[in-house]
Amino acid sequence: MPELPEVEVTRLSLVERLRGAQIAAVRIGKPLRWPLGCAPESLVGHRVHELTRRGKYLWFALDAPGALNSGAGGLLMHLGMSGSLNFSAQHAPPGPWDHFDLATDRGLLRLTDPRRFGAVVWSSAVDEGAAGKLLARLGVEPFETGFTGALLHERLRGRKVAIKTALLAGDIVVGVGNIYASEALFLAGIDPRTRSSRLGAARCERLATAITGALARAVQAGGSTLRDFRDTHGASGAFQLEAGVYGREGLPCKHCGTLVRRIVQAQRSTYFCPQCQRR
DNA sequence: ATGGGTACCTGTCTGC
DNA sequence: TGCAGACAGGTACCCA
């Protein structure tokens, strides 16, 4: 489910209530992608100092009991393909897909994840241990000033993979998942099959702008795809209406009327307009 | 280093 | 109706 916009919307909706919340109990359901890495009871008494995001990962920075900002490690969370995070009623029994509960004095935070590609991992610091290892290979944040067309140009040079695949890899720029990779390339007028190294400075500039724009608009829209998932209305929803090409195979391009095509790249669907997007 | 493929797991939809 | 198969918002890891 979650690409950067959905993760950021999740973070924004939780951060105020969670900041300062004290952990009262931790419940683990079925195993997620990786083990927690600490005894769940050892987290009891800690407070959530801050909730931040890196790429599609959430970082719950923890304070030791009684101390303020003592840096008592934290929890790194990934929502995988199907994860969602919400406050539940304090004593609501866990459903079959609820695999991680953080009971706090501010409410019960619950991770629901049917496919269990998600993970919650304890780490002594963001840049150490399990978290450090997972975050080490990540590229720049699309909303930070370091993300420019020039950087894209520099990092794509010498890469032979298709641009769509390069964007998804996450080691150049983070947060662009399967939907927004297609959308950004559509906005930039670039054929997703284009060899990365063939993109010149001008198109890299356009692509950087398109990526930032698409992600920012999606955050503003409230991560509509996330809402779809929670309401179990399937794939149709506000984002589908906004999407230029994603999920629109066989429908007319909104710019030129040419039928949108679907292809498979690196075992993932890619959607594009063969007329508006050029190699 | 790069790139390709596989693996993880479960739900939903489509077509026969 | 039943069932097989395709497909789904991610990413670490293994191997050429």
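The model shown is predicted, which means the values in this text are computed figures rather than measured ones. Labels below follow one simple rule: chain letters A, B, ... track the order of the sequence lines, proteins then strands, and each chain is numbered from 1. Atom set for the values below is all heavy atoms of this structure, side chains included, hydrogens, waters and symmetry mates excluded.
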Scan A:L134 against the nucleic acid and name what it touches under 4.0 Å (heavy atoms): base, sugar-phosphate only, or nothing. sugar-phosphate
Comparing nearest nucleotides in DNA chain C, the 5'-proximal residue of the pair A:R115, A:K133 is A:R115
Whole Å only: how far is the CH2 atom of A:W34 from the C1' atom of B:dC9? 14 Å
Think A:K160 has a side-chain N or O under 4.0 angstrom from the OP1 or OP2 of B:dA1? no
Taking CG from A:N178 and C1' from C:dC7, how many angstroms apart are they, rounded to a whole number? 11 Å
In whole angstrom, what separates A:Q267's CD from B:dA7's C1'? 11 Å
Base, sugar-phosphate alone, or nothing: which one does A:T165 contact when heavy atoms must sit under 4.0 Å apart? nothing
Do NZ/NE/NH1/NH2 and the carboxylate oxygens of A:E249 and A:R261 come within less than 4.0 Å? no
When you measure from the side chain of A:W97, which nucleotide among C:dC7, C:dG10, B:dG11 comes out closest? B:dG11
Rounding to an integer number of Å, can you tell me how far A:R195 CZ sits from B:dT2 P? 14 Å
Ignoring the backbone of A:Y57, work out which of C:dA8, C:dT11, B:dG3 is nearest its side chain. C:dT11
Carboxylate-amine/guanidinium contact A:K133 A:D127, below 4.0 Å: no
Salt bridge or not for A:E6 and A:K56, using N-O below 4.0 Å? no
Hey, does the side chain of A:R116 come within less than 4.0 Å of B:dT10's phosphate (OP1/OP2), counting only N and O? yes
Side-chain N or O of A:H78 closer than 4.0 Å to phosphate OP1/OP2 of C:dG10: no
Pick the closest DNA chain B nucleotide for A:A162 and for A:R33 by heavy atoms, then say which residue is nearer the 5' end. A:A162
Among C:dA8, C:dG10, B:dG3, the nucleotide that comes nearest once only the side chain of A:Y246 is considered: C:dA8
Rounded to whole Å, CD1 of A:I172 lies from P of B:dT2 at a distance of 9 Å
Between C:dT11 (C1') and A:L167 (CG): distance, integer Å: 16 Å
Within a strict 4.5 Å, meaning less than it, do heavy atoms of the A:Q22 and A:H46 side chains meet? no
Closer than 4.0 Å, any side-chain N/O of A:R268 to the OP1 or OP2 of C:dC7? no
Can A:R47 and A:D63 be counted as an ion pair, charged N to O under 4.0 angstrom? no
According to a strict under-4.0 Å criterion, is A:K56 in side-chain N/O contact with OP1 or OP2 of C:dG10? yes
In the structure shown, which nucleotide is the Watson-Crick or G-U wobble counterpart of B:dC9, with both distances under 3.5 Å? none
Taken to the nearest whole Å, CG/A:D98 to P/B:dT10 is 15 Å
Output the rounded distance in Å from NZ (A:K164) to P (B:dG3). 15 Å
Answer yes or no: does a side-chain N or O of A:S269 lie under 4.0 Å from OP1 or OP2 of C:dA8? yes
Mind checking the P distance from C:dC7 to B:dG5? Whole angstroms is fine. 16 Å
A:F117-B:dC9 aromatic stacking (under 5.5 Å, under 30°): no
Pair A:Q265, A:T165: side-chain N/O donor-acceptor within cut-off below 3.5 Å: no
Could you tell me whether the side chain of A:R137 has a donor or acceptor atom within less than 3.5 Å of a complementary atom in the base of C:dA12? no
